[in-house]
Amino acid sequence: MLDKTYDAAAVEPRIANQWEEAGAFRAGAGAKEGAAPFTIVIPPPNVTGSLHMGHALNNTLQDVLVRFERMRGRDVLWQPGTDHAGIATQMVVERQLAERQEPDRRSMGREAFVERVWSWKAESGGTIQNQLFRLGASCDWSRERFTMDDGLSAAVLEVFVKLHADGLIYRDKRLVNWDPRFLTAISDLEVQQVEVKGNLWHFRYPIEGGATYEAPIAWDEETGEPTEYETRDYIVVATTRPETMLGDTAVAVHPDDPRYQGLIGKHVVLPLVGRRIPIVGDDYADPETGSGAVKITPAHDFNDFEVGRRHDLAMINILDEEARLSLDGNEAFLAGVGDDANFADVMALHGIERFKARDAIVALMEARELLAEIEPHVHMVPHGDRSGVVIEPFLTDQWYVDAATLAKPAMEAVRKGDTTFVPGNWERVYFEWMENIQPWCISRQLWWGHQIPAWYGPDGAVFVAKTEDEALAAASERFGRPASVAGKAEAVASWEAGAGDSVALYRDEDVLDTWFSSALWPFSTLGWPEKTPELARYYPTSVLVTGFDIIFFWVARMMMMGLQFTEQAPFHTVYIHALVRDEKGAKMSKSKGNVIDPIELIDQFGADALRFTLAAMAAQGRDIKLSPARVQGYRNFTTKLWNAARFAEMNGCKPVADFDPDGVQETLSKWIVVETARTAAAVTEAIETYRFNDAAGAVYSFTWHSFCDWYLELSKPVLQGDDSPARRELQAVTAWVLDEIVKLLHPFMPFLTEELWARTAEEAGIQRRKLLALTAWPQRAVADNAAAREINWLVDLISQIRSVRAEVNVPAGSPIPIVLVGAGAQERGWIATHKAAIKRLARVEQISEADAPPPQSAQVILGDVAVCLPLAGVVDLDAERARLKKELDRLAGEIKKIDGKLSNPSFVERAPEEVVEEQRERREEAESRRVKVEAALGRL
RNA sequence: GGGCGGUUAGCUCAGCUGGUUAGAGCACCUGGUUUACACCCAGGGGGUCGGGAGUUCGAAUCUCUCACCGCCCACCA
């Protein structure tokens with residue numbers, strides 16, 4: 001006997017363990033002979049992570065697809081795993097060291113630190129898997145992978161070495177986005193532009209040798225033409241970053257700018273520093289902006305870097321890696337320094353942090369009366385997405401991937417339709433980015449990650465190889481003597497000391513961007529570069545389910561790597577789901593602290609309720625703002641279904657072996673059988689087209705409204721009556737429909753349905769396999785439903801009587817008689833069949849017929865039949881009049897509207913025949929109804 | 001500066017390829033101790049579908065435009 005309410009908290013862990021023990025999630029488990037594979041690779045969560053709403057949504061949707069396909073008999077693999085998440089993980093462990101007041105990363109050394117991260121992973125890395133397990137994610141946990149495990153690391157090596165050999169990975173010295181907090185380069189994607197209120201400082205740079213020019217100082221209000229000039233011996237430049245002026249190596253003006261044309265080729269003397277720097281003509285300078293002259297700092301600005309290249313300017317780096325001024329011993333900086341009586345003031349700034357340096361420089365300029373103006377200015381400033389500090393463009397050697405080359409086939413695959421995005425508008429986003437893709441900086445100055453397989457030798461020699469031995473072999477061949485590996489300092493020292501017996505190499509200390517290994521995920525997890533059976537069977541994958549926030553980070557890169565190394569696009573479909581945002585619509589993130597914990601909702605309402613909520617809200621192209629009330633609503637739904645099963649149990653509705661839904665005799669049975677099939681078809685189609693909300697909605701409303709509210713209620717008189725063939729049939733039908741609902745609902749609510757599936761069988765004394773492991777997705781042709789007319793009429797009749805009763809204030813508990821006027825043979829038959837149900841559901845005590853409506857009765861018009869409630873003294877006649885009047889108004893309105901259409905000649909001519917015909921029929925119905933209602937009103 | 005998405009009931013949202021009486025959940029009002037379910041049942045109120053223009057016989061749905069809101073991308077000193 002089932003309990004009165006469903007206890008998710010007790011059932012869910014038990015069921016989860018049963019699945020686990022049964023090995024039901026294993027790849028291919030339960031697949032039909034010769035079944036087509038269906039593969040999803042999980043977007044690997046960070047090992048540091050815990051389950052947030054985004055994960056809950058993401059994995060719910062994947063699980064819906066996976067369970068659905070498994071039930072259809074496909075050979076399903078849902079590949080799970082986690083990502084080593086370079087910076088994030090290193091941060092977490094470093095923070096832990098600090099909290100525990102243990103030696104920091106540098107003092108413990110690289111090897112010990114990496115060891116420490118591994119042991120941290122062993123202890124704490126499993127959180128998210130457990131949480132996914134609680135959510136009911138049916139991944140093949142036996143195949144769980146980690147981006148830094150041996151197999152995946154081998155794949156990384158293979159890819160790096162191959163891309164390097166093909167010239168698609170190279171080392172380059174250029175400006176990178178440098179994170180001065182984590183002391184590493186990061187990629188463009190890891191930079192967030194943040195709006196900052198700052199200033200634009202206008203500085204005067206004196207022109208060398210007393211040259212002058214005429215600068216406009218007043219303009220005509222209408223024409224904008226200058227009306228007044230002054231003679232200047234300085235150029236005004238504006239900057240948001242005064243501290244970088246120490247590294248200025250030019251001032252640029254537009255070549256066509258009449259104000260400055262005569263100055264191009266001359267020099268200014270850089271204030272404070274005394275350096276002579278040229279005035280260059282370059283299109284980059286915009287005459288419309290500021291003074292039209294711009295200071296150029298090639299080592300600290302991406303634009304200036306390009307200008308510097310064009311004009312062969314010196315690049316003076318004036319910052320150290322922690323973004324402090326680096327002046328002492330800075331040869332490039334000191335090289336051009338001129339005579340300046342106060343130069344010591346500048347040198348005193350050595351070692352000062354950049355923002356303090358900014359204030360100091362401004363003060364020095366002001367003291368020298370070279371500060372022309374301070375203008376408040378709002379602008380976008382690059383920040384590290386993890387560190388949150390301002391990113392510094394910094395000149396370093398890094399490794400790059402030639403992304404533009406790899407992007408070409410990746411775009412082509414989407415263009416050809418080998419891979420389809422759902423919803424399709426994301427393809428635009430994908431193309432937009434791919435078409436403008438920049439070289440991908442893949443080296444990181446971190447310790448946790450895949451160390452770059454490159455070894456350096458003397459004379460700029462670089463050996464990229466899968467193993468140290470291979471690198472050494474290549475080196476000794478190149479240098480003609482044995483090679484050995486040493487530490488960096490040692491190796492460099494040996495090169496400076498000159499040739500010895502052997503040549504020393506040192507290994508690149510950097511590691512790869514985390515996304516480099518993630519990019520290989522769809523095939524590295526299947527064993528690549530080995531030719532494993534799994535790779536052959538499950539690759540390319542069927543669907544990737546992910547959020548749009550990582551299309552660039554991940555999806556695009558998997559496409560590139562997948563095509564480059566397997567010559568196939570890694571997925572057929574990329575389903576992009578919404579982001580679950582906080583109540584303000586902001587992206588949830590740990591750093592913002594606005595994360596809602598799905599585990600709390602699971603504790604409160606159960607995983608099934610949470611899953612169903614997420615699926616029901618996963619309409620394409622819209623973000624989800626989750627409300628706990630909604631989850632509660634769907635928790636109620638679990639109870640509703642539970643109680644329907646309880647009712648079935650109490651009424652002897654047991655599954656019947658070999659039950660044939662097509663063989664049923666009762667109208668009610670025929671109706672619900674067809675409705676069930678219709679629902680199954682709707683759910684199937686919706687899942688196939690990734691309309692999760694429609695799928696959830698269809699099964700929800702069928703279960704609650706069609707099945708519980710009508711079918712069960714209508715069947716009660718029979719089920720609770722004496723034994724009869726009809727009763728036995730309805731018992732079997734009820735059990736069958738319930739089973740079908742349980743199956744249809746299983747992808748969304750796996751725990752509840754699995755429990756019901758087992759309990760139903762148990763009560764009936766039947767042996768059954770786990771629902772999860774069953775190839776049993778409901779699929780039936782939707783037969784023509786002749787029974788629908790009858791049941792719809794019946795539903796209509798009962799609804800109308802109920803409505804009238806309420807509106808004319810008949811006490812809810814008091815049974816009333818009804819009198820039918822104008823009933824035909826068909827209606828008589830229907831009434832006879834469903835008499836008991838009508839009496840019960842509409843609270844009717846007696847049904848009779850008459851030729852004319854009894855006096856003082858309320859009336860319901862059902863087609864040709866008037867259903868009269870003769871209730872002299874009971875009925876509130878005024879209320880009935882008002883009710884009828886209201887109905888009359890509504891009908892009149894409808895008729896008027898239809899007449900408007902039908903009297904419009906162009907409607908009749910141009911609208912499709914069936915639409916016109918439908919309007920005519922509708923008008924006729926409304927009119928005949930109007931006549932009857934009017935008559936009823938007249939009689940009162 | 002480009003691009004995308006949103007604006008539908010008090011709240012959170014559906015409404016796919018134009019024809020519905022514009023729906024759901026929650027909230028609200030009225031009435032219910034009918035032995036599956038009060039995490040329930042029955043009935044009900046509530047929307048000029050952001051504003052404007054257009055296309056069409058017909059627009060919440062297509063086009064344009066304006067207004068707000070959100071997001072993504074971008075090197076403007």
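Quick note on labels: first sequence line is chain A, next is B, and so on, each numbered from 1.
Relative orientation of the Tyr205(A) and Phe203(A) rings is parallel, given thresholds of 30° and 60° on the angle between their planes.
Using a 4.0 Å heavy-atom distance criterion, Thr240(A) is classed as a sugar-phosphate-only contact. Backbone-only contact: Asn904(A) has heavy atoms under 4.0 Å from sugar-phosphate atoms and none from a base. Here Arg922(A) lies in heavy-atom contact (under 4.0 Å) with sugar-phosphate atoms only. The residue Lys839(A) sits apart from the nucleic acid: no heavy atom pair falls under 4.0 Å. Here His377(A) lies in heavy-atom contact (under 4.0 Å) with sugar-phosphate atoms only.
Put simply, Lys897(A) has no side-chain N or O that comes within less than 4.0 Å of OP1 or OP2 on U20(B). Note on Arg428(A): a side-chain N or O is less than 4.0 Å away from OP1 or OP2 of C4(B). The shortest distance between the side-chain N/O atoms of Ser803(A) and the OP1/OP2 oxygens of G44(B) is below 4.0 Å.
Shown here are the side-chain hydrogen bond (donor to acceptor under 3.5 Å, both in side chains) partners of Arg805(A), two or more places apart in sequence or in another chain: there are none.
Distance from the side chain of Met380(A) is smallest for A74(B) among the nucleotides A74(B), G43(B), G15(B).
Following rounding to the nearest Å, Glu685(A) (CD) and C16(B) (P) show an atom-to-atom distance of 14 Å. In this structure, Glu195(A) atom CD and A74(B) atom C1' are separated by 14 Å, rounded to whole Å. Taking atom CD1 on Ile624(A) and atom P on G5(B), their separation rounds to 18 Å, with Å as the unit.
For the strand RNA chain B, secondary-structure stems (runs of at least three Watson-Crick or G-U pairs, all distances below 3.5 Å) span B:1-7 with B:67-73, B:10-13 with B:23-26, B:28-32 with B:40-44, B:50-54 with B:62-66.
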Once each nucleotide of nucleotides 31-39 of chain B is scored for protein heavy atoms under 4.0 Å, what B/S/- sequence comes out, 5' to 3'?
S----BBSB
